[in-house]
2 protein chains.
Amino acid sequence: MNSRRTTVRDVRRTNRSALLSRLFLDGPVSRLELSRLTGLSAGTVSNVTGELIDEGVVVEAGLVESDGGRPRVLLRVDPAYGYVIGVDVGPTRVRTELFDLSMRALATVDRPVGAGDPDPGTVAALVAAGVREAVAGADVAAERVLGVGIGVFGTVERGRLALVHAPTVGWDAVPLEALIRAGTDLPLFIDNGAKTLGQAEMWFGAGRGARHAVFALVGSGVGAAIVTDGTTYQGTSSSAGEWGHTAIVYGGRPCRCGGRGCLEAYVGAQSLLDRYGAELPGDEEARLAALIDAADRSAAADRLLDETAGYLGVGIANLVNLFNPERIVLGGWAGLALGTRLLPRIREVAAAQALAHPFSEAAIELSRLGPDAVAMGAATLPIAELVARGGSRPPVQASSR
Amino acid sequence: MNSRRTTVRDVRRTNRSALLSRLFLDGPVSRLELSRLTGLSAGTVSNVTGELIDEGVVVEAGLVESDGGRPRVLLRVDPAYGYVIGVDVGPTRVRTELFDLSMRALATVDRPVGAGDPDPGTVAALVAAGVREAVAGADVAAERVLGVGIGVFGTVERGRLALVHAPTVGWDAVPLEALIRAGTDLPLFIDNGAKTLGQAEMWFGAGRGARHAVFALVGSGVGAAIVTDGTTYQGTSSSAGEWGHTAIVYGGRPCRCGGRGCLEAYVGAQSLLDRYGAELPGDEEARLAALIDAADRSAAADRLLDETAGYLGVGIANLVNLFNPERIVLGGWAGLALGTRLLPRIREVAAAQALAHPFSEAAIELSRLGPDAVAMGAATLPIAELVARGGSRPPVQASSR
DNA sequence: TCCGATAATTCAGCACTTGAATTAGTGGCG
DNA sequence: CGCCACTAATTCAAGTGCTGAATTATCGGA
């Protein structure tokens, strides 16, 4: 039901894109295998890969032995063809990483934002500075940077310029993209941090190979990334996936979003610690770890965790019934800490609450990459764009500069 | 990130499909307008429409006046090119309708299934018989029937042959498609009834023009159809959208699905009537109407309805936060009856519970087509297939039979 | 009857894939 | 040492399809 025109040239773009995608995700592959993987004829594969090699996107990478017969030449994306930057913008810190195209981190810059509610201008300046430092630190020419992906806390409203909403820290339609653009000329890709983390798991972690998956992320707050048909679902204005603010207890605990009975008010780390009552030392992560540790001795802590497993299980059952995914991945720093101990119980509860049939299709797993993959996931955004374009063919008319 | 090969011929198929889609949905259109709508050159439009006219799918339909200049010729899909059948399979009745391609109903067959839990064999036989009667009743040659779309209660697991799960009436993996195929040779398209109803609203009702919409259907039970990017979201095995069985009251009322606190256990018509306590006469629909009517006089009924608006509002807020749709359409026979009275209150509750930003993007409306559109929506399934194929071009090698 | 205006068709030029034929590398065997 | 069987990669004619410009069709008005 689409209505974009299609011309013969789109065929090439689509096929370049399909080949690049295989090359990028399935590591070194021979032309013959590419032909099998994409269904394209050997002639076309030869033709297109030749073009990609000429352009420098793809390089040959050794031979595969054969027992009698011409050996296959392996191809792969040249890791040094370009570089991408991923930024994890949290409420308390900005972390910038520069990767080559094999996703090796070549530079990392980590900066605290300072106490209190983060100031948009400060955050934007930290991002721009982080990008400059990462480029300098990795000793890479700025022209070779394909783009900067940014994963932000809060929901991102994608219009001509992205706006960020994060009521809990007083951000209402903050023009973050405009602010950052003032400090850098590189192409910017902004999305919610939960979604970029989901993207990372999808490409390199627990989501590999899945068509439909939901990444349930529990940190101080609770979010989710919903992948349908291989792509992250955005909704009308990119704010889809606010799983943490779905009500699970009608008329229940007030949530910091203003609603009542939201999942986040029951399983978010902040809420958990609030409900525990007893004072614990250290930052949020240390306190949650202490709480989990205490469960072996303290009945109160144990009961609290058991309740949490119940809420999480029901929340996950809701996802199963609504999305019928083949995989549900529990992540986020608190999600991992809780899941490591509670996963069996969570599965149990979900099994009891979800409909039998969709539940039988859904594998419930823990995140593989850990919560630090937000930046890496963000860095995949410019790569995805490159692949979708079919690798940047030089513009038709080579201008003189 | 797809990996299907693309050839030059796909270009034609895609463009035929785009043109047919415009012709089908935007009624009579001139070639020039088609060119503007699809972005295709005038030459291609001329070429392709010529082909479609030769094949009989499209016909000319009058001229549009001009003040000086050659008048535009209007084109439209020939309503008599083919016919489609839609079947609404409910637990108590099977309703079969035959439509021409302008969606005019030419024949309707309505049959009760009989009391008690429906027997799969009986239902399948009723469908097959209904199809035969409709074809005979409309006096249409069976070869001209493009296909039969079937909207079923319960979730549909789409594999090689569709299976139906409906635990509430004891259906577990009923091979409905196989059973019906035994009684007819026509192409079959089976989907959940809520989804076909959503499809009908999407094409002809409250969903027109929306990219992202959720159709929330309340009848005896509760279901939903989720439209993302213009197509109904199916999930891994087509069982997505079980909104009725998402928990909204943790540990709440037991639901007939076996879970606890499901939305259906609070707002489904059956549950509402159960909770009302007082005995009412007539069938479910009459009793619900009586309950709503009583609310003006009875404090108990009024309170029950107000509670229901609360649950529905929160349930809808969950949809808003999770899907960020541009439209939420409340339908189903009970949904319409309740919504007519309660919509303002439902909107109020949803506004209070949902996040401000996604809520501001979502229009909450009532269904336009009423609950009888299940069959019509089912009938769009074969049409959608026809359009996606680009209108059936005759097979390359015309066989001798 | 001719003219200006708008719509539709025709066609050369170009982009692309396919499948068959051809060329390119390897190891084994006589 | 040279030939052969085998597998991989490249080349190329044939076929399909879109575009943009030129051409043709069809109107109203002077």
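A, B, ... follow the sequence lines: proteins, then strands. Residue 1 opens every chain.
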Query raised in the report: With a cut-off of 6.0 Å (strictly less than), are more than 12 heavy atoms of other residues, nucleotides or ligands near CG of A:Asp54?
Result: yes

Indicate whether OP1 or OP2 belonging to [N] is found under 4.0 Å from a side-chain N or O atom of [X].
| X | N | answer |
| --- | --- | --- |
| A:Arg5 | D:dT19 | yes |
| A:Arg12 | C:dT17 | yes |
| B:Asn15 | D:dG17 | no |
| B:Thr7 | C:dT17 | no |
| A:Thr44 | C:dT18 | yes |
| A:Arg72 | D:dA8 | yes |

Report summary line: Judged by nearest nucleotide, the residue sitting upstream toward the 5' end of DNA chain D, A:Leu32 or B:Pro71, is A:Leu32

Query - Touch class at under 4.0 angstrom, heavy-atom based, for B:Val8 against every strand present - result: base

Query raised in the report: So what does B:Val73 touch, heavy atoms closer than 4.0 Å: a base, only the sugar-phosphate, or nothing?
Result: sugar-phosphate

Whole-Å distance separating the [atom1] atom of [X] from the [atom2] atom of [N]:
| X | N | atom1 | atom2 | value |
| --- | --- | --- | --- | --- |
| B:Arg16 | D:dT16 | CZ | P | 14 Å |
| A:Arg9 | C:dG13 | CZ | C1' | 12 Å |
| A:Glu33 | D:dT7 | CD | P | 16 Å |
| B:Leu63 | D:dA25 | CG | P | 17 Å |
| A:Asn47 | C:dT22 | CG | P | 20 Å |
| B:Arg31 | D:dA25 | CZ | C1' | 12 Å |
| A:Arg36 | D:dA9 | CZ | C1' | 14 Å |
| B:Leu52 | D:dG17 | CG | P | 13 Å |

**Report entry** Donor-acceptor pair, side chain of B:Glu326 and main chain of B:His212, under 3.5 angstrom
**Finding:** yes

Requested in this report: Look at the side chain of B:Arg16 and the backbone N and O of B:Gly391, then say whether any donor-acceptor pair between them is shorter than 3.5 Å.
Outcome: yes

Report summary line: Regarding the side chain of A:Val11, the nearest nucleotide among D:dC27, C:dT18, C:dC16 is C:dC16

Query raised in the report: Any side-chain donor paired with an acceptor under 3.5 Å for B:Ser41 and B:Thr44?
Result: yes

Query raised in the report: A:Asp191 and A:Gln199: side-chain donor and acceptor closer than 3.5 Å?
Result: no

Requested in this report: Can you check whether any acceptor in the base of D:dA25 is under 3.5 Å from a donor in the side chain of B:Arg70, or vice versa?
Outcome: yes

Query raised in the report: Which sits closer to the 5' end of DNA chain C, A:Leu40 or B:Gly43, going by the nucleotide each is nearest to?
Result: B:Gly43

